[in-house]
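Presented below is the structure to which this report refers.
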Protein chains: 2
Amino acid sequence: MSLRYALLGVLEARPMTGYELAQFFDGSTAWVWSAPHSNIYPTLRKMQAEGLLAAETDIKGEKLERTSYSITDEGERALKEWVVSDPGPPTRDPLLLRMVFADIVDPEEVTKLLGMLIERQTDLVAQWTDHAQALRRKDTDLLRERLKTKPPEDHDRIAEIKANVFDLMVAQAETWIEWATRAVEGFDDGAR
Amino acid sequence: MSLRYALLGVLEARPMTGYELAQFFDGSTAWVWSAPHSNIYPTLRKMQAEGLLAAETDIKGEKLERTSYSITDEGERALKEWVVSDPGPPTRDPLLLRMVFADIVDPEEVTKLLGMLIERQTDLVAQWTDHAQALRRKDTDLLRERLKTKPPEDHDRIAEIKANVFDLMVAQAETWIEWATRAVEGFDDGAR
DNA sequence: TCATCCATGTAATTTGTTACATGATTCG
DNA sequence: CGAATCATGTAACAAATTACATGGATGA
C-alpha cells in the first residue's frame with residue numbers, strides 16, 4: 001500500500017524511469033522506504049492505468065526502450081490526501097515480538113542478538129545523521145531537483161521538514177541502542 | 001510471517017483455542033501483535049499440519065466444537081530459533097514516509113495530524129506503562145499461566161524480560177511525542 | 001570482446017486484510 | 001426468549017517477497 005505513495009512522493013520531485021526508482025528503493029536501509037524492482041515495475045503500470053502517473057516511452061540507442069513516469073494532478077491530489085489521512089494503528093515491529101519471547105532462549109544467544117542490533121542501529125545513526133545534514137545543506141540529488149520547481153523562499157522550510165524526519169529516525173535508533181545496552185546488562189546479571 | 005511466531009509464543013505459555021487467541025490478538029493496539037480471527041484460524045490449521053502445533057478438539061455442550069492448540073517440541077524449537085535469528089532490515093514505517101512528504105500539504109493539516117499522533121502516542125504510553133507494571137507484579141493472565149510451568153527462581157527474570165519490552169515501547173512512543181511536539185512548533189513558525 | 005551497467009519484465013508463493021456467513025451456548 | 005458471547009469458518013482481494021529470465025548499451 002505504501003509503495004504507491006512512496007513512488008508518488010519521489011516522482012513529485014522529478015520524473016523517473018522504473019530503473020531509477022528501483023535504484024532509489026533498492027533495499028538499502030539508507031532511505032525511508034525500499035522495494036525490489038519486481039514490485040516497482042508492475043506497480044508503476046497499475047498506477048498509470050489509474051491515472052496517478054503519466055508515462056512517456058522513448059528509445060535509448062538503437063532499440064532499448066525506457067519509460068519515464070511523472071506524477072499527474074490526480075496523483076498529486078492522492079498523495080496530498082494520503083499524507084494527512086488517518087494513520088491507523090501503529091506499525092507493529094517483529095523485533096519487539098522476538099524480544100517478548102526472549103526468556104525462552106539461552107541468555108547468551110540473546111546477548112549476541114542485542115549486540116548485533118546495537119551495531120546495526122549505530123551504523124544507521126551515522127547514515128541518517130549524515131543524510132539529515134546533507135538535506136540541511138540542500139545537498140542531495142533528489143532535494144536539489146525538488147527545489148528547482150519551488151519558490152526560493154520555501155527552500156529552507158522544505159529542507160528542514162525532510163531533515164526532521166531523519167532526525168526522528170536517529171532518535172528512534174538511539175532509543176533502541178540505549179534500551180539494548182541496558183538489556184544486555186540485565187542479561188549478563190541474569191546469567192551470572 | 002510473524003503471526004506464526006506470535007501464535008507459537010503465546011501458546012508456549014498455555015494451550016488455547018482459536019477464539020481465545022483471536023481475542024488476544026484482536027486488533028487492539030494494547031499488545032505487541034494483532035491479527036483478525038480470519039487470519040488466525042487458517043494459520044493454526046496450517047501450523048498443525050506442519051507439526052508445530054498439536055490440536056485437540058472437544059465438544060462443549062451438545063454439539064459446539066472447539067479446538068485447543070498446544071505447542072509441540074518442534075514448534076518450540078522453531079520459536080527459539082526464530083527469536084535469535086537474523087532480524088534483517090529494520091521495519092519500515094509508513095508514518096515516516098508521510099512525514100517526508102509533509103512539505104507538499106497545508107501546514108495546518110500537518111499540525112492537525114501531528115496533534116492526533118501526540119494524542120494517540122500519549123494514550124499508548126499510559127497503556128504500556130500500566131502493562132509493564134502489571135508484568136512486574138506478575139499480574140497478567142498470560143504471565144501467570146506461563147510461570148506455572150517454570151521454576152520459581154526464574155519468575156523474576158522472566159517477568160523482567162517481558163516488562164522490558166513494554167518499557168521500550170514506552171520509550172519509543174515518547175520519542176515520537178517529543179519529536180512531534182518540536183515539529184508542531186516548527187510548522188507554527190513556518191505558517192507565521 | 002567482455003564485463004558492467006541499463007532496463008524491464010513474469011511467475012510462484014506467501015501474507016495479510018476486509019467482508020461475508022453461520023450456528024451454538026449462556027445468562028438474565 | 002432474546003441478546004451477548006462463544007466458536008469457526010470461506011472468499012475475494014491486495015500487497016509483498018523471491019526467484020527466474022532476457023536483452024541492449026557502454027566503455028576499457
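Below, chains carry the letters A, B, ... as their sequence lines are ordered, and counting in each starts from 1.
If you measure from atom CD1 of A:I40 to atom C1' of D:dT17, you get 13 Å, rounded to the nearest angstrom. Rounded to whole Å, atom P of D:dA16 lies 12 Å from atom OH of A:Y5. The distance between atom CG of A:L97 and atom C1' of C:dG16, rounded to the nearest whole Å, is 16 Å. Per the geometry, CD1 belonging to A:I59 stands 19 Å off P belonging to C:dC6, to the nearest Å. Rounding to whole angstrom units, CE of residue B:M47 and P of C:dT14 are separated by 15 Å. In this entry the distance linking CZ of A:F25 with C1' of D:dA16 reads 14 Å, nearest Å. Straight-line distance from the CG atom of B:L44 to the P atom of C:dG16: 13 Å, rounded to whole Å. At whole-Å resolution of the value, CE in A:M1 and P in D:dC13 are 16 Å apart.
A salt bridge does not link B:K112 to B:D106: none of the charged nitrogens lies less than 4.0 Å from a carboxylate oxygen. Ion pairing between a basic and an acidic side chain is recognised when a charged N comes within 4.0 Å of a carboxylate O; A:D167 and B:R182 show no such pairing. Salt-bridge formation is not detected for the pair A:D141/A:R14: no Lys NZ or Arg NE/NH1/NH2 atom is positioned less than 4.0 Å from an Asp or Glu carboxylate oxygen. Salt bridge annotation for B:D86-A:R120: present, with a cationic side-chain nitrogen under 4.0 angstrom from a carboxylate oxygen. Salt-bridge check for A:E12 with A:K150: passed, with a basic side-chain N closer than 4.0 Å to an acidic carboxylate O.
Applying the side-chain hydrogen bond (donor to acceptor under 3.5 Å, both in side chains) test to B:K138 and every residue at least two apart in sequence or in another chain returns B:D156. The ring pair (Phe, Tyr, Trp, His ring centres under 6.0 Å) search around B:Y19 returns none, not counting sequence neighbours.
Axis angle, first five pairs versus last five pairs of the helix from C:dT1-D:dA28 to C:dG28-D:dC1: 20°, rounded to 10°.
For A:K63, taking side-chain heavy atoms from C-beta onward, the closest of the listed nucleotides D:dA25, C:dT25, D:dT18 is D:dA25.
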Pairs of donor and acceptor atoms involving the side chains of residues 46-67 of chain A, under 3.5 Å and at least two apart or interchain, shall be tabulated with distances.
| from | atom 1 | to | atom 2 | distance (Å) |
| --- | --- | --- | --- | --- |
| A:E50 | OE1 | A:R4 | NH2 | 2.3 |
| A:E50 | OE2 | A:R4 | NH2 | 3.1 |
| A:T57 | OG1 | A:T67 | OG1 | 3.0 |

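Along DNA chain D, the nucleotide nearest to A:E62 and the one nearest to A:R4 differ in position, and the one closer to the 5' end is contacted by A:R4.
Within the structure, every pair that satisfies the ring pair (Phe, Tyr, Trp, His ring centres under 6.0 Å) test and touches residues 53-98 of chain B, not counting sequence neighbours, is listed here: B:Y5-B:W82.
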Where protein sits on nucleotides 6-11 of chain D, one letter per nucleotide: B base, S sugar-phosphate only, - none, heavy atoms under 4.0 Å: BBBBB-
